[in-house]
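See structure below.
Indexing begins at 1, ligand by ligand and atom by atom, following the structure's order.
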Amino acid sequence: MEKLESIYINGLDPSRPLIIAGPCSAESREQVLETARLLAGGGIKVFRAGIWKPRTRPGGFEGVGEKGLEWLREVKERTGMLVTTEVATRHHVEAALSAGVDLLWIGARTSANPFAMQEIADAIADINTDIPVLVKNPVNPDIELWIGALQRLYNAGIHRLGAIHRGFSTYGRHLYRNLPQWHIPIELRRRIPGLPVIVDPSHMGGRRELVAPLAQQAFDMSFSGLIIESHCDPDSALSDKNQQITPEVLNFILNTLVVRNSNESTESLTLLRQKIDQIDNELVELFNRRMEVSREIGQYKKEHRMSAVQPGRYGDLMVSRIRMAQEMGMSEEFMRSVLTAIHDESVRQQIEVINDRR
Ligand code: PEP
Ligand code: MN
């Protein structure tokens, strides 16, 4: 993607973080206009609102549909903000573009679908290749699929491209609604130099109190901006109410975030260090998951009056893991000491369970 062009249209300042804010969904004319008025008052330049909502299960609020586009048009007229919405089909593209929407974004469920991406790319190309398009990461952590989605747009002649990192969905309960896995968008920036990547702390955290810390992390890792869900009355929001914040709170957060200047000459080093930090965090989480399973095993052994360690099994595990590590270029000694340390801690935790100490 050699010839990427700027997404900073109509007076947006490319030297400042791009901040997009607005409700998850357009719900009513009043809610849209009131939220927009407050956001514009706080200096926000790009207003978001979902018109067609991709809901995981049927029966939820699926968006107001086309009539909401009229409200976006009014937002533009009254506040001068640019407006953006999510498109997922040719019909959405046609309706959004004829209503004067300034930027489009592609949602995480859509960017995971090459057929949908091709349909959208062709639809945009048929009308206006000059519109900036931001592509959210696919729900699953597949960087090739994310790049593929961008590539389909690029190949259709749409060169004002950006990406949105909104985290990756996962099974089970976690601190985050969608896991950050920062090394993936960092790798995306490395693979597509010049592509602005902004962060969506709202969908990543899924909770209001995680918006500020995730937004700060995004700036610490030199991402190009933020897209944040903001609603004039979050508690009554029809979708994603737990993660929406008022424009006042948003304003407060934006004023307290520290934007760091990244020094060009050390940027690649910084990116690599950030990757290491992220991988180390994931290692700690993985260790913790392993210990959880060990404690469950401890519980089983306790109930069946078994001893904590069955030597045969451990020996087999060691041999196969060490061989695997060696094939990847790691030393036998290193792998043996890591596995021994993990095993010792697992046994310690099992014994605690067996002896009722936790
Ligand atoms: C949204 O931005 O409201 C949305 C549906 O996000 P995502 O595609 O990231 O789930
Ligand atoms: Mn949402």
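Atoms of ligand 1 lying under 4.0 Å from at least one heavy atom of Cys24, given by number and element, are 3 (O). Which parts of ligand 1 touch Lys53 is read off a 4.0 Å heavy-atom cut-off, strictly below it: atoms 1 (C), 3 (O), 5 (C). Less than 4.0 angstrom separates some heavy atom of Glu229 from each of these atoms of ligand 1: 1 (C), 3 (O). Those atoms of ligand 1 that come under 4.0 Å of a heavy atom in Gly107, given as number and element, are 8 (O). In summary, the atoms of ligand 1 found under 4.0 Å from a heavy atom of Arg109, numbered by their order in the structure, are 7 (P), 8 (O), 10 (O). Remark: ligand 1 atoms within the under-4.0 Å shell around heavy atoms of Arg48 are 1 (C), 2 (O), 3 (O).
Here the two rings, on Phe168 and His165, have centers that are under 6.0 Å apart. For Trp71 and Phe47, the distance between ring centers is not under 6.0 angstrom.
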Using the rule given for salt bridge (Lys or Arg N to Asp or Glu O under 4.0 Å), can you reason through Lys275 versus Glu187, listing the C-alpha separation, both sets of side-chain angles and the distance that settles it, and then say yes or no? CA-CA 9 Å; Lys275 257 185 165 173; Glu187 175 65 9; 2.9 Å; yes

Side chain to side chain donor-acceptor pair (under 3.5 Å), that's the test. Do Glu285 and Asn281 meet it? Break it down for me. CA-CA 6 Å; Glu285 285 201 12; Asn281 288 345; over 6 Å; no

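For Glu229, the N, O or S atom closest to the Mn ion (ligand 2) goes by the atom name OE2.
Side-chain N/O atoms of Arg166 and Asn178 include a donor and acceptor closer than 3.5 Å. Residues Gln278 and Gln274 bring no donor and acceptor atom of their side chains to less than 3.5 Å of each other. Side chains of Glu34 and His231: a donor-acceptor N/O pair is absent below 3.5 angstrom, by distance only.
Polar contact check, Asp200 against ligand 1: no nitrogen or oxygen pair lies under 3.5 Å apart. Between Glu86 and ligand 1, a contact under 3.5 Å exists for no N or O pair. The N/O atoms of Pro54, backbone and side chain alike, include none that comes under 3.5 Å of an N/O atom in ligand 1.
Residue contacts with ligand 1 leave out Gly50, since none of its heavy atoms falls under 4.0 Å from the ligand.
Note: His91 and Trp52 have perpendicular aromatic rings, judged against thresholds of 30 and 60 degrees for the angle between ring planes.
The protein heavy-atom contact nearest to atom 8 (O) of ligand 1 is Ala108 N, 2.8 Å. With respect to atom 7 (P) of ligand 1, the closest heavy atom belonging to the protein is Lys136 NZ, 3.5 Å.
For Arg321, the CZ atom is loosely surrounded, since the number of other residues' heavy atoms within 6.0 Å does not exceed 12.
A donor-acceptor distance shorter than 3.5 angstrom exists from the side chain of Ser236 to the backbone of Asp233, with no hydrogens or angles considered.
Rounding to 10 degrees, one finds that the Mn ion (ligand 2) sits at the corner of an angle of 90° between Asp240 OD2 and His203 NE2.
Comparing His165, His203, Arg177, Arg166 against atom 10 (O) of ligand 1, the shortest heavy-atom distance belongs to Arg166.
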